[in-house]
Amino acid sequence: MLLSRLAQVSRDVAATSARSRKIALLGELFRAADADDVPIVIPYLAGRLPQGRLGIGWKLLGQPVPPAAEPTLTVRDVDGRLTRIGAVTGAGSQAGRKRLVGELLAAATEDEQRFLIALLTGEVRQGALDALAVEGLAEATGAAPADVRRAVMLAGSLQNVAQGLLADGPSVLDRFRLTVGRPVLPMLAQTASSVAEAVAKLGACAVEEKLDGIRVQVHRDGDDVRIHTRTLDDITDRLPEVTSAALGLAGERFVLDGEVIALDVEGRPRSFQETAGRVGSRVDVAAAAAAVPVSPVFFDALLMDDRDLLDLPFAERHAELARLVPEPMRVRRTLVEGPENVSAAEDFLAETLHRGHEGVVVKALDATYSAGRRGASWLKVKPVHTLDLVVLAAEWGHGRRTGKLSNLHLGARNPDGSFAMLGKTFKGMTDAMLAWQTERLRELAVDDNGWVVTVRPELVVEIAYDGLQRSTRYPAGVSLRFARVVRYREDKRPEEADTVETLLAAHPEVAP
DNA sequence: TTCCGACAGTGGGGTCGCAAT
DNA sequence: ATTGCGACCCCACTATCGGAA
């Protein structure tokens, strides 16, 4: 199949807002693909490369290349070239990769170039990713969408399912079962604004501490232990302590879900930055582990011996977990029967925060494990802080925000009346707010370099954030974590904005 | 007819590792 | 030795479609 056909379909998919139409277009393309093309065509149309990321970003793509006049590239040709590009490493590799990418782009038409660049940078913005590709695949093969979706979650990959399905039909879907050693997409949580709201929604539930670490799925099969992240990357080699802990449990075959976190000698959590730095260290793992040891803390069991637990209610999965894993290696929790016991849940949240953790996750006791979904049966609750900050500048938006000032630069007051930038945010704005702030900030503009519009510091905005973190980038030595706009404070003057001093006083553990 | 679940988009800060400077 | 880039951790929120109620 020619690449030009994919580029055309991607354009058509982007051009329609109707999901049913997007799915039909994808299904049509998948039906037309040869068996050999399927492992390439499906990930491409889901916006991903079968090879994973290749170390090619905006910089390496360089200046525009004159396009070819006629489409000649086949998808298999492109796949082969990209595999070779990914294999280039060592000194001179950037120049080598750049040359090969340039040759590939030179062989592509304008349309194909657009698609390839989007694919390589991970920015195929066609309003359809994995979920709609799954629907398209179901349509192309006559399989039930729910069955395909489940197989993909269990396989951890759309590609494998697609290949089997197009070769052998819907009967292959039963082959995809939870297997030790093959990671499944983890279940995710939605946000609730309070414990009371979460308990009211879920009824009988477990309230568990939410640790600010790295999500892990741990598989053990005899002496073999594998550890995977939320995106299913294999990080086994970086976490010898977790491997030892898994081997120390009195079970031969299991799959557990949990978090790894660095704790200090008193058992209090170290900062997320420390945990993330440790888990990210690959070169000298022994030194990293000596400096920042991490602990696994589990909250769910997906498989035990040869029993798949995914469709059991959480209460039963947890009972299995508790039989295998001793209490210190499980998250702390409390059970709540319903809204009448909400104060117990609130007390537990307060205790958890006092112990230095991030918040709680409220989980329905009757819920099955919905792999890969951000289901409504897990609700996280974290405290939210707010500040009144001053807009120092704003950046022009992209995509559907093109022509709107989007990303705000936020500042707190210094003693001398100047402002210290604490970070940026593009979150929390409605379309109406975007329109309003674009107009208002243009009135205040003192400079526009085409990317950033600098403004007189007069507009006050209320910002919600999850906490402070150490920063080498910003002048106060701290930055806001997960800042988002709540509302504009036109009733406030910049002299009334919050100060760096009060901010640091509110987070003494982070203050430089 | 209205409501709501699921998705995609829009980017944020930090850290590590690698290659280039 | 330092700098810049890309990958991957963590993530909040809004708009929209289309099926459920």
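Keep in mind that the numbers below use all heavy atoms, side chains included, and drop hydrogens, waters and symmetry copies. Chain letters run A, B, ... following the sequence lines, proteins first and then strands; every chain starts at 1.
- Summarising the geometry, the separation between NZ on A/Lys427 and P on C/dC13 is reported as 8 Å, rounded to the nearest angstrom.
- Among the atoms of the strands shown, none is found under 4.0 Å from any heavy atom of A/Lys404.
- With C/dA12, B/dA19, C/dC9 as the candidates, the nucleotide lying closest to the side chain of A/Ser93 is B/dA19.
- Within residues 468-478 of chain A, the residues that place at least one heavy atom under 4.0 Å from DNA chain B are, in residue-number order, A/Gln469, A/Arg470, A/Ser471, A/Arg473, A/Tyr474.
- Side-chain proximity of A/Ala91 to the nucleotides C/dA15, B/dA20, C/dA12 is greatest for B/dA20.
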- Item | Test log, rule ring-ring contact (aromatic ring centres under 6.0 Å, His included), inputs A/His409 and A/Tyr474 | CA-CA 11 Å; A/His409 295 201; A/Tyr474 291 111; 8.5 Å; no

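- Take A/His357 and apply the ring-ring contact (aromatic ring centres under 6.0 Å, His included) test, not counting sequence neighbours, and it matches no residue.
- Residue A/Asp212 is out of contact with every strand shown, counting any heavy-atom pair closer than 4.0 Å.
- Remark: A/Glu103 pairs with A/Arg99 by the salt bridge (charged side-chain N to carboxylate O under 4.0 Å, His left out) rule, at least two apart or across chains.
- As judged by a 4.0 angstrom heavy-atom cut-off over every strand, A/Gly92 is placed among residues touching the sugar-phosphate backbone only.
- Backbone-only engagement by A/Lys59 is indicated by non-hydrogen atom pairs under 4.0 Å involving sugar-phosphate atoms exclusively.
- A/Thr425 comes within 4.0 angstrom of nothing in the nucleic acid, heavy atoms only.
- Residues from residues 268-283 of chain A that place a heavy atom under 4.0 Å from any atom of DNA chain B, listed by number: A/Gln273, A/Gly277, A/Gly280, A/Ser281, A/Arg282, A/Val283.
- If you check every strand for non-hydrogen atoms under 4.0 Å, A/Lys201 touches nothing.
- Contact check of residues 6-26 of chain A against DNA chain C (heavy atom, cut-off under 4.0 Å) returns A/Ser17, A/Ala18, A/Arg19, A/Ser20.
- Contact check, A/Arg53 against C/dA7: a side-chain N or O comes under 4.0 Å of OP1 or OP2.
- Within residues 430-438 of chain A, the residues that have a heavy atom under 4.0 Å from DNA chain C are, in order of number, A/Thr430, A/Asp431.
- Remark: C/dG19 base-pairs with B/dC3. Criterion, Watson-Crick or G-U wobble with two distances under 3.5 Å.
- A salt bridge links A/Asp466 with A/Arg484: at least one charged nitrogen is closer than 4.0 Å to a carboxylate oxygen.
- Of the residues near DNA chain B, A/Gln126 and A/Lys424, the one whose nearest nucleotide (by heavy atom distance) lies more toward the 5' end is A/Gln126.
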